[in-house]
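These notes are about the structure you will find just below.
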Amino acid sequence: MKTTFRWFGASDPVPLDHIRQIPGVSGVVSALDDRPVGAVWPADNIQRLAGDIAAAGLELSVVESIPIHEDIKLGRPTRDG
């Protein structure tokens, strides 16, 4: 089982170098927190996030907080538009 640690990106006060030093931690849980709800996450932004994490010797294990528009959550007729 992989042990992960939540990282809030470049503005996180805990840098990736410190996370790498935590015994047993090899993966990171992160997100593109700067994206507004409902906005598409550009693939290059996700790849850059994964690359930054890999450069620190860790793996992007989980992408969370994917912004889901309220229309989708609530099943509104406008959800498909």
Side-chain angles (χ1 to χ4, degrees):
M1 186 167 116
K2 181 177 296 229
T3 301
T4 59
F5 193 89
R6 179 67 163 95
W7 182 59
F8 292 93
S11 62
D12 194 320
V14 179
L16 289 169
D17 287 342
H18 291 187
I19 295 172
R20 189 183 66 243
Q21 295 176 36
I22 300 171
V25 172
S26 60
V28 170
V29 176
S30 196
L32 296 179
D33 295 315
D34 62 335
R35 305 297 299 170
V37 172
V40 174
W41 286 21
D44 60 324
N45 289 22
I46 299 169
Q47 291 167 344
R48 187 174 324 113
L49 175 66
D52 291 346
I53 293 167
L58 297 161
E59 178 184 356
L60 177 59
S61 300
V62 177
V63 176
E64 70 173 10
S65 304
I66 296 176
I68 306 296
H69 198 279
E70 290 300 310
D71 289 355
I72 296 169
K73 290 181 198 176
L74 298 173
R76 294 179 179 152
T78 53
R79 71 179 180 254
D80 297 324

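Note: hydrogens, waters and symmetry copies are ignored here, and every other heavy atom, side chains too, is used.
From T78, atom OG1 reaches atom CD of E70 across 11.0 Å, with rounding to the nearest 0.5 Å. The CG atom of L58 sits 8.5 Å away from atom CG of D17, with the distance rounded to the nearest 0.5 Å.
Contact record, S61 with G27: OG-CA, 3.2 Å, taken as the closest heavy-atom pair. Looking at every heavy atom in both residues, K2 comes nearest to S26 through CG-OG, 3.4 Å. Nearest approach of L49 to S30, heavy atoms of both residues: CD1-OG, 3.9 Å.
Distance alone, capped at 3.5 Å, is enough to place a donor-acceptor pair between the W7 side chain and the V14 backbone.
For D71, the salt bridge (Lys or Arg N to Asp or Glu O under 4.0 Å) test picks out R76, with sequence neighbours left out. Taking the salt bridge (Lys or Arg N to Asp or Glu O under 4.0 Å) definition, one finds that D44 meets it with R48, sequence neighbours left out.
Annotation: side chain of I19 is in contact with side chain of L16 (closest heavy-atom distance under 4.5 Å). A heavy-atom distance below 4.5 Å is found between the side chains of W41 and V63.
One hydrophobic cluster, built from ILVMFWY side chains closer than 4.5 Å, holds both I22 and V28.
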